[in-house]
**Q** 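I have a structure here, written as structure tokens, and I will follow up with some questions on it.
Residue numbers start from 1 in every chain, and the chains themselves are labelled A, B, ... in the order their sequence lines are given, proteins ahead of strands.
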Number of protein chains: 2
Amino acid sequence: MNDAPRRPRRSSGRTTLADVARAAGVSPITVSRALRQERGVDPVLADKVRQAADQLGYVPDAAARALASQRSTQVLVLVPMLSNTLFVDVLEAVHRTLFPAGYQPLIGVTHYDTAEEELLLRTYLPHRPAGLLVTGFDRSETARQLIAHSGIPCVHLMETSTAPGVHCVGFSQVDAGAAITQHLLDRGRRRIAFCAAQLDPRTLQRAEGYRRCLRAAGLYDPHRELLSPERSSISLGARLFEEMVQRMPDIDAIFFCNDDIAQGGLLAANRMQVPVPQRIAVAGFNDLAGSDQMVPPLTTVRTPRAEVGQAGAAMLLALMRGTPVPQSCIQLNYELVVRASS
Amino acid sequence: MNDAPRRPRRSSGRTTLADVARAAGVSPITVSRALRQERGVDPVLADKVRQAADQLGYVPDAAARALASQRSTQVLVLVPMLSNTLFVDVLEAVHRTLFPAGYQPLIGVTHYDTAEEELLLRTYLPHRPAGLLVTGFDRSETARQLIAHSGIPCVHLMETSTAPGVHCVGFSQVDAGAAITQHLLDRGRRRIAFCAAQLDPRTLQRAEGYRRCLRAAGLYDPHRELLSPERSSISLGARLFEEMVQRMPDIDAIFFCNDDIAQGGLLAANRMQVPVPQRIAVAGFNDLAGSDQMVPPLTTVRTPRAEVGQAGAAMLLALMRGTPVPQSCIQLNYELVVRASS
DNA sequence: CTGAAAGCGCTTACAG
DNA sequence: CTGAAAGCGCTTACAG
């Protein structure tokens with residue numbers, strides 16, 4: 001008798017679709033259809049299936065589903081850093097847009113490092129995410145190719161580009177940097193310094209805006225720039241303020257490339273008894289949490305990061321679904337927020 | 001002639017293991033072994049395989065791999081909120097520990113909402129993560145069961161418990177809350193207020209520590225507690241400070257449950273010209289970025305969040321590998337950081 | 001509306 | 001050290 005039921009050679013022991021089918025007295029395919037709410041299943045049967053599934057504690061296997069259907073519901077989202085709360089706001093908006101639509105963001109943090117971004121892509125691309133959301137355009141050639149060859153729809157966030165075939169949602173970092181500098185000029189400031197940290201591409205674009213504006217006014221002086229490659233932070237901002245004031249005591253304003261270092265600058269001014277804005281006006285960038293609470297409240301640029309996240313995710317949704325995308329590059333608006341520090 | 005090569009009924013068109021095998025002139029299984037660096041493959045063959053894979057731009061399919069091997073390399077990490085930078089530090093440490101070990105964190109944000117946590121579990125458990133890292137013990141019964149029935153190893157972060165079978169890494173929020181309160185007592189403060197936001201379990205545990213300490217000293221007065229369910233933020237801290245000072249003008253110290261509201265309190269004090277610490281001493285919790293830069297610098301409790309993330313991930317690693325875990329519950333130390341605000 | 005067969009792209013388990 | 005077969009747990013594509 002060799003028709004004895006031989007045990008399967010590999011078994012996970014888990015409850016499968018087949019188990020549910022047996023319990024509900026239907027075929028596996030009907031279970032699959034009922035559980036996925038596919039229309040065209042007898043409601044009575046569907047109910048019986050759901051009940052059986054519940055009772056057995058059935059949890060569908062996402063890997064099997066992805067393999068069979070050739071589609072995943074994960075979206076890889078690459079951001080530089082979570083300690084820059086800017087990106088937390090972007091991620092929140094991305095999640096709010098993608099999750100209800102049936103996609104799950106898979107967050108990867110590059111630490112502003114192109115090699116790390118490449119490693120993340122190598123690690124996550126095998127999961128065949130349904131879509132890609134990346135920050136800016138600055139990446140290794142290999143990373144670029146990995147993305148292109150994957151054939152996965154990709155939207156770039158935070159910056160804009162008019163290159164053909166590129167999808168992006170952002171705003172002009174250069175213009176925004178120029179606008180806040182112009183505001184300081186309009187307030188009568190003439191010796192405006194620039195303090196920056198991290199020196200990522202967007203920071204450098206703001207620097208460009210700063211220079212463009214001051215050059216146009218014939219007031220640009222490179223000695224008034226203090227650029228630190230260190231990670232942006234409140235305490236670094238304090239140090240930059242001290243150094244700037246010591247080195248160039250005649251400056252009458254400082255534009256900090258990000259609100260966290262601006263807040264640090266304001267606190268240092270307070271400690272050093274440097275009157276703000278009387279002696280030195282201070283402006284930041286991004287309007288982060290707490291900037292409105294500083295003493296004096298910080299003048300800054302409100303950047304549309306939630307909107308970037310929302311619109312970027314919505315654009316990706318359209319690309320993933322094959323719906324037409326009205327605009328492949330969306331340029332959003334920033335807003336000057338003038339408070340007492342300038 | 002019915003032996004014409006009939007096209008497969010479903011084809012993804014992607015480069016597969018079989019394509020690489022054909023190109024390298026070996027069997028698929030050898031490609032699989034070579035690419036996974038399994039030992040016992042002729043180095044010459046392995047090299048040929050890798051070359052062929054590179055040339056074809058082969059990207060292995062994680063879903064197929066997961067299905068065949070019945071194992072995934074993702075670890076689901078559930079945290080309450082990314083805007084609380086505390087958890088960003090936890091996540092960083094988790095990533096630094098898991099990623100080099102071959103596991104990828106899959107971040108889920110619960111927004112301090114047990115229903116949302118349940119939804120996240122329902123959504124991500126089908127991916128059969130290799131491990132689970134969750135925050136604290138406060139969750140719905142359903143969530144608890146989903147975790148238990150999944151059979152997936154799980155480590156709880158931020159709090160400790162002596163319940164059998166529970167794995168956790170944290171510190172005593174109650175003791176830490178009591179310790180900072182005791183510090184204020186030691187400084188001679190007698191009418192110590194408590195301001196809190198969010199009111200999540202850990203915040204309430206700190207409140208318990210505050211009460212325990214003051215009751216022991218015979219100085220507890222419930223009117224000096226200001227508990228807001230609103231999300232913790234610098235601006236909320238400013239409002240809480242103002243309200244507290246107005247309502248209970250005789251207080252001589254405030255313990256804020258988190259540094260962000262403490263920073264807001266300090267800024268409000270500055271604005272209101274309330275001398276700190278002369279009239280009111282201020283203490284926070286967590287030693288977040290910027291607390292050391294406040295004017296005056298903020299007294300607080302440095303909590304071991306990076307250590308929690310690191311040790312929690314290390315414990316999970318052991319559980320996933322089936323290695324013995326020396327201690328199922330690790331209690332870490334916090335540290336009083338006394339600065340000029342108290 | 002329901003189902004039997006085939007297949008998604010890998011790895012396991014067994015041989016040699 | 002290498003490979004042919006079977007199987008992981010689903011869904012697609014085709015019938016009825």
**Q** Under 4.0 Å: is that the gap between some side-chain N or O of A/Ser27 and OP1 or OP2 of C/dG3?
**A** yes
**Q** Figure out the CG/P separation between B/Leu17 and C/dC8, and round it to whole Å.
**A** 14 Å
**Q** Can you tell me if B/Thr30 touches the phosphate of D/dT2, counting only side-chain N or O atoms and a distance under 4.0 Å to OP1 or OP2?
**A** no
**Q** Considering just the side-chain nitrogens and oxygens of B/Arg36, establish if one lies under 4.0 Å of OP1 or OP2 belonging to C/dT11.
**A** yes
**Q** Aromatic rings A/Phe99 and A/His95: how do their planes relate, parallel, tilted or perpendicular, breaks at 30° and 60°?
**A** parallel
**Q** Which nucleotide sits closest to the side chain of B/Ala68: C/dG9, C/dT12, D/dC10?
**A** C/dG9
**Q** Could you state the CZ-C1' distance from A/Arg128 to C/dC10, rounded to the nearest angstrom?
**A** 11 Å
**Q** For residues 312-329 of chain A, dump all side-chain donor-acceptor pairs below 3.5 Å to protein atoms at least two apart in sequence or in another chain.
**A**
none

**Q** Side chain of A/Ile29, heavy atoms from C-beta onward: which of C/dC10, D/dA4, C/dA4 has the nearest atom to it?
**A** C/dA4
**Q** Between C/dT2, C/dC10, D/dG9, which nucleotide gets closest to the side-chain atoms of A/Val41?
**A** C/dT2
**Q** Between D/dC8, D/dC10, C/dT2, spot the one nearest the side chain of B/Leu67, thanks.
**A** D/dC8
**Q** Out of C/dG3, C/dC10, D/dT11, which has the shortest distance to the side chain of A/Val26?
**A** C/dG3
**Q** Of the candidate nucleotides D/dC10, C/dC10, C/dG9, which contains the atom at the shortest distance from the side chain of A/Gln70?
**A** C/dG9
**Q** Checking contacts here: which listed nucleotide (C/dG3, D/dC8, D/dC10) is nearest the side-chain heavy atoms of A/Arg33?
**A** C/dG3
**Q** With respect to the side chain of B/Thr16, which nucleotide from C/dG9, C/dT2, D/dA4 is positioned closest?
**A** C/dG9
